[in-house]
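To start, I am sharing the structure in question, which I have written as structure tokens.
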Amino acid sequence: MDHSTPAKTDAFLDTEPNLTTAERAAYIVTGLALAAASVKPRPNHILSVLALVSGSYLAWRGYVGSCPIKAALMGHSTPAEQITGTH
């Protein structure tokens with residue numbers, strides 16, 4: 001019987017941490033600042049919604065500790081895969 005887990009193909013759902021503590025803090029602070037900026041009344045409400053959604057996403061990614069964009073740029077391998085040389 002094969003008990004291996006299937007590889008994750010969706011980077012959005014990937015929860016493998018790939019951010020340092022400093023990067024996580026930067027994501028959270030920037031995300032919360034962007035979300036807070038969405039509260040300011042604007043003539044174009046779409047900009048406020050975009051700021052709220054983008055800020056929330058950044059803060060969530062900082063909290064989770066993974067970023068699919070960084071994973072795509074740096075290569076999508078975990079530290080264990082780097083040691084063993086498997087992908």
Side-chain angles (χ1 to χ4, degrees):
M1 237 195 291
D2 185 17
H3 292 288
S4 63
T5 57
K8 293 180 183 177
T9 58
D10 188 41
F12 182 76
L13 298 175
D14 186 24
T15 58
E16 184 69 32
N18 66 348
L19 297 175
T20 65
T21 304
E23 289 171 330
R24 290 177 79 167
Y27 271 59
I28 291 171
V29 169
T30 304
L32 292 177
L34 189 58
S38 71
V39 176
K40 181 181 177 184
R42 301 180 193 290
N44 187 349
H45 297 292
I46 294 174
L47 291 177
S48 294
V49 171
L50 285 174
L52 178 62
V53 170
S54 301
S56 299
Y57 180 76
L58 277 176
W60 174 254
R61 280 294 163 199
Y63 172 74
V64 171
S66 68
C67 178
I69 295 171
K70 182 178 180 182
L73 292 174
M74 303 302 283
H76 192 69
S77 60
T78 64
E81 291 171 341
Q82 292 172 354
I83 293 170
T84 62
T86 61
H87 292 282

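Numbers for residues simply follow the sequence, beginning at 1. Keep in mind that what you see is a predicted model, and the values were worked out from it rather than measured.
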- Of all heavy-atom pairs between Gly62 and Tyr27, which one has the smallest distance, and what is that distance? CA-CB, 3.6 Å

- Message: Could you check whether atom CD1 of Ile46 has more than 12 heavy atoms from other residues, nucleotides or ligands sitting under 6.0 Å from it?
- Response: no

- Query: Which atoms form the tightest heavy-atom contact between Arg24 and Leu19, and what is the distance?
  - Reply: CG-CB, 3.7 Å

- Note on the structure: In terms of heavy-atom contacts, Ser48 and Arg42 come closest through OG-CD, 3.5 Å

- Ala51 and Ser38 have their tightest heavy-atom pair at CB-CB, 3.7 Å

- Task: Kindly give the heavy-atom pair with the smallest separation between Ser54 and Leu34, and that separation in Å.
- Result: CB-CD2, 3.7 Å

- Message: Once rounded to the nearest 0.5 Å, what's the spacing between atom NZ of Lys70 and atom OG1 of Thr20?
- Response: 5.5 Å

- Taking the six-membered ring for Trp and the single ring otherwise, decide whether the centroids of Trp60 and Tyr57 are under 6.0 Å apart. no

- Please name the pair of heavy atoms, one in Ser66 and one in Pro17, separated by the smallest distance, quoted to 0.1 Å. CB-CA, 4.3 Å

